[in-house]
Amino acid sequence: MNETSTTPATDAPNSAEDPTAKRGSLATAPSASSGPDRADLRPENINDAVIRLAGNSQDGIQSAGAFLARLAGRSAQEVMTYMTIPATISGGPSIFQVRMGTGEVLSAGDEADFLVAFYQHSYQDHIGFLKDGGVLLYDSDNVTPDLGDKRFVYVGVPITGLTVEALGGTAKDKGKNIFILGLIAKIFHLDVEKLTILIKEKFAGKDVSIANTAIMAFTAGYAYPVGNVLTKQYKFEPHVPKEGERAQITMDGNQALAYGLIAAGVRYGSGYPITPWSSVMEILRSELPKYGGMFVQAEDELGAVSMALGFSFSGYLAVTGSAGPGISLKTEAIGWASMSEIPLIIINVQRGGPSTGLPTNVEQSDLFQAIYGGHGDSPRVVLAAATVEDCFYIAIEAARIARKYSTPVFILSDTSLATRIEAFDEPHLKDLMLDPKPDLSPRTGFKPYAVDQITQHVPPGSPMLDGKYPLVTGLEHDEMGHPTGSPKMHMAMTAKRRNKLRKLAEEIPVPEIYGDAEGDVLLVGWGSTYGPVHDAVKLAREHGEKVGALHLRHVHPFPNGLEKVFARFKRIVVVEMNDQGLYGFGQLATVLRARFCEPKIESTTKTDGLTFRVKEILERVFEGRSFAARKIPREGPAIVHADPSSENVKTLQEVVPQGVG
Amino acid sequence: MSDTLTTTTDAPREKLTKKAITADHPTWCPGCGDFAVLASYYKVLEKRQLDHEKIVTLAGIGCSSRFPYFVNGYGAHFIHGRAVPLASGISLARPDLHVFLFGGDGDGFSIGGNHLNHGARKNVNLVYFIMDNFVYGLTKKQTSPTSPIGFKSKTDPTGAIDQPVNPMKQLISAGASFIARTHATQVNHMIQMIERAMDHQGFSVIECLSECVEFFPGAFDPANPRKGGAFEVIQEKTWDGTPEDELRHDVTDELAAYKLAQLPFPGVFGVFYQNDRPTKNALEKKWIETTREKTGNASDLQLLQKTFDRMK
Ligand SMILES: Cc1ncc(C[n+]2csc(CCOP(=O)(O)OP(=O)(O)O)c2C)c(N)n1
Ligand code: SF4
Ligand SMILES: [Mg+2]
């Protein structure tokens, strides 16, 4: 937590002596920041907090976390942005991490300020991620922490017992999540009214008793005299709204992709389920009919890409998507899209590979596949989303490029973007929304593949007044789409397909450099490393380093002019989550080196299936500097889960796939 | 939305002639059965006077799949085996178009087998014409999924050993809603079958025994009267209540169709099965309509705005 003001002793009542405080066990260790000063009870102003909830997935951790996230989004006055990191395994240990801040929140946070442990295993697994001076809030009915470890502040609350008591015992211990939400609301002075509305909205349409039960649990948590056991309370600094500031909306990366496509006028698509892509197709399947469109679940990925190409051929730019294994299956048809110059959006929500790999972990190892995956010279465009918000805008950019250049366009996302929730400024839908209908007006003298033009197909149904109809084909063809084996024609057509993407490269702006525009080190990233890379730059600059960050959303083709940026830095370090390969460079680093012949380009990669931590980047880039020394992860005690049957024993990495663990 | 698309042509339509729909000269070997299929297609298009711009001719890969190049009309030459989903996408998004798909036995029953089954199951509205020559023509005489046991090919020099696919049985069990069989030497029959397939709403498949004179000559002589064979046509029930009618084939009877499919080679020709179950096109359309209604036919902007408002 960033403490922005040290609050002097005040008139706050010393409620530790409150006689009603019977149930809480108090064990406060001196913490680095506050000390056991009893008088220090007025809420301390903060502008950033990382809260990690750790329990089992059936405890509704995700929904408690989501409430916090939604509240943050709705409370633009107090909290601007946050990120959450849910785990996706059901039935096992689960966490949800929320980072809320009044300022700009870029990454999910390396360490937690506040850890809520439901079980002994939650405590054991995650105490290593609690900051020195951080608060451990634990269910004293289930957890016995090592109170001798003086680095933390301990707050024990008999959460299970109190929840059962509050709900009359009928609900068993269901509702603990909402009870904890109440506790957190109290500790952080959150807006109770807004939270109550959110809870009611969430259960709207269900039996009223469910909402009532939830409110009871919330009220019980909120009423708990936590002040007796926690000598500090926190309050987010009021957010000062900027001129023209917009409301915040809250969603995950897959939702943002789906709604971005809808805004971009994409009305048709086809896919086949695979983690972590599935929810994009699920959303589109139920949303598109509202817009008069259709998303079809195909028999497999080959069918899905083929059907999507059918939609595009018929005049409606379409989308297909998958994760790595499914993209492999689509590859042949994507080559056809390059050759026949049919526009298509292909989403790859990347996960750990190859093969089934690490299906619930994050990796950026499909960049080569996106750029080069395919036989023959088959140019295509590759874009990569940086944040959840960017998932929305990158979908719009992909549609724009696909239409303008009549080309397949990849969107690379990944597990971490897909599953985390962010709040961002509501887009100006009025200015963004498109719904292009096929233009069926009559044509004459139309050539689908005029060598000197960028292909724009005419949808079937448009009369050709000269009676000559175009064909689209995967065979090398002449200007009307009829097959030719002419060497000259193959050369001309290959050049035509390549040159249109060179044209595209001319119009892509060089991304703005974050931090120093010249200096010692330039960090280059793509995709979801945006947050940690930018946070690393921020931190390094606070320590006097001359460092900047360049983030590429257009990864193929690159914008022109990057060489000028590279010239202004002594070192260029490409940060990415994939392997260094046989020659010691990650995938983006390899392509950049090939493109710019720039020997300064270094590469830092990793393959642990987890997102980059800020410290991890600093340690690699600024090895030996004291500020970059890595404190985490601290090894917690060995993980022993209650249920030892083999399928229930999960490693920490399995449980925390999104990389905070 | 798509069915409201209208073509704006005020000019009186010219008659659709064979000349208008003819494109490149076919590259097939002289005598190849596929010529007759092309000729029949031209005939049907001419006879039915479809709007030229609404005819879409599609294919996968193979000798037979070169088809779209020989037709002057919108068309796509796709990849090997995947033309069913391509055609399905076109049919679903553009019900105003006439979607015709052509291909071979390898394209349809081998590499595209899964798509064939699922296109049939989904009952997407299109006409799929399979030119079955019991061999891989384009790649020059390898065993195909319909090659009979014992057929000597480059990949089975001592004779094919795997049991061939029975196209009729497979299509019946996959759920195709119109299934017919014809022979490339029987042009009138073939035209009838194409017309009936066109008139059927749903996934209409015609298997046509179409000889590869190059790599499996004489394969279909047993069903060619001019070569001493017998072209036995299925007698369909006329429902006239006569005792003869009792013996005729009820095209809506799946089990009866299956029995016909069991007959030894060369079997019988005609419509094996026809079922008027709802098409995917109709079911999706209905879903879109009820969904649109529920939204009060809101504009796209209103819809997305409402979704975003819920995410605030
Ligand atoms: C993915 C892929 N695999 C293999 C081929 C090679 N190939 C082209 S056509 C064909 C078989 C064609 O047989 P069939 O579908 O029966 O058509 P025919 O030539 O007999 O009309 C094969 C194997 C290909 N083009 N693409
Ligand atoms: S090889 Fe066979 S199928 Fe191909 S064109 Fe020649 S005769 Fe026809
Ligand atoms: Mg064949």
Side-chain angles (χ1 to χ4, degrees), chain A residues 73-74 247-251 259 262-263 267-268 270 287 289-294 296 298-300 302-304 306-311 313-316 318 332-333 336 340 426-427 429-430 433 435 437-438 440-442 459-464 467-475 482-483, chain B residues 1-2 5-9 11 14 20 23-24 51-56 61 68-69 72-94 96-97 114-115 117-118 122 280 284 287-288 291-292 294-295 298 300-301 303-305 307-308 310-312:
Chain A
R74 230 174 240 199
Q248 299 270 296
I249 53 171
T250 310
M251 64 181 85
Y259 293 116
I262 288 173
R267 295 289 176 267
Y268 288 88
S270 181
E287 287 299 309
K290 296 183 191 164
Y291 299 81
M294 187 191 304
V296 178
E299 55 275 19
D300 54 33
L302 309 116
S306 304
M307 191 173 298
L309 284 166
F311 290 139
F313 171 86
S314 69
Y316 296 98
E332 187 197 4
W336 185 84
S340 64
E426 181 185 13
L429 288 182
K430 230 165 95 191
M433 286 203 61
D435 183 11
K437 297 269 195 286
L440 302 187
S441 54
S462 321
M464 289 292 161
K468 293 205 177 71
Y469 282 87
L471 272 181
V472 304
T473 169
L475 276 172
H482 285 258
Chain B
M1 56 195 279
S2 40
L5 289 176
T6 44
T7 311
T8 46
T9 32
E14 275 177 44
D24 301 0
D51 292 347
H52 196 170
E53 71 279 4
K54 293 191 179 149
I55 301 165
V56 180
I61 299 290
Y69 296 118
N72 177 36
Y74 284 103
H77 188 219
F78 197 46
I79 56 176
H80 193 27
R82 321 276 169 224
V84 166
L86 177 89
S88 302
I90 299 167
S91 166
L92 288 169
R94 293 289 304 279
D96 55 319
L97 302 174
N114 196 36
H115 306 307
N117 285 342
H118 288 272
K122 291 183 165 158
K280 182 170 181 70
E284 294 282 348
W287 189 35
I288 292 171
T291 314
R292 292 278 306 137
K294 265 190 226 151
T295 68
D300 291 357
L301 176 61
L303 283 167
L304 193 52
Q305 188 58 58
T307 304
F308 280 8
R310 276 201 308 272
M311 294 177 152
K312 279 177 189 163

(message) Heavy-atom count check: over 12 atoms from other residues, nucleotides or ligands less than 6.0 Å from B:Lys294 NZ?
(response) no
Check: [X] side chain, [Y] main-chain N or O, donor-acceptor pair, under 3.5 Å:
X	Y	value
B:Tyr74	A:Ser314	no
B:Asn114	A:Asp300	no
B:Arg82	A:Gly303	no

I'd like to check [X] versus [Y] (side-chain heavy atoms, cut-off strictly below 4.5 Å). Are they in contact?
X	Y	answer
A:Lys430	B:Leu301	yes
A:Gln248	B:Met311	no
A:Leu475	B:His77	yes
A:Met307	B:Leu92	yes
A:Lys290	B:Ile288	no
A:Leu302	B:His115	yes
B:Arg94	A:Tyr316	yes

(request) Select, from A:Ala318, A:Pro289, A:Pro460, A:Ala298, the one with the greatest count of heavy-atom pairs under 4.5 Å involving chain B. (result)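 Of the candidates given, the most pairs with chain B belong to A:Pro460.
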(request) Return the option, out of A:Ala304, A:Ser306, A:Pro427, with the maximum number of heavy-atom pairs under 4.5 Å with chain B. (result)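 Ranked by heavy-atom pairs under 4.5 Å with chain B, first place is A:Ser306.
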(request) Could you tell me which residues satisfy salt bridge (Lys or Arg N to Asp or Glu O under 4.0 Å) with B:Glu284, sequence neighbours excluded, listed by chain and number? (result)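 Only A:Arg285, B:Lys280 meet the salt bridge (Lys or Arg N to Asp or Glu O under 4.0 Å) criterion with B:Glu284.
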Interchain contact, [X] with chain B, by part (heavy-atom threshold 4.5 Å):
X	answer
A:Glu426	side chain
A:Phe311	both
A:Ala263	both

(message) To the nearest 0.5 Å, what is the distance between CD1 on B:Ile79 and OG1 on A:Thr473?
(response)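 B:Ile79 CD1 to A:Thr473 OG1: 12.0 Å, rounded to 0.5 Å.
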(request) Please work out which of the three classes, parallel, tilted or perpendicular, describes the rings of B:His52 and A:Tyr469, given edges at 30° and 60°. (result) tilted
(request) Return the option, out of B:Asp24, B:Asp300, B:Ile90, with the maximum number of heavy-atom pairs under 4.5 Å with chain A. (result)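 The option with the most such pairs is B:Asp300.
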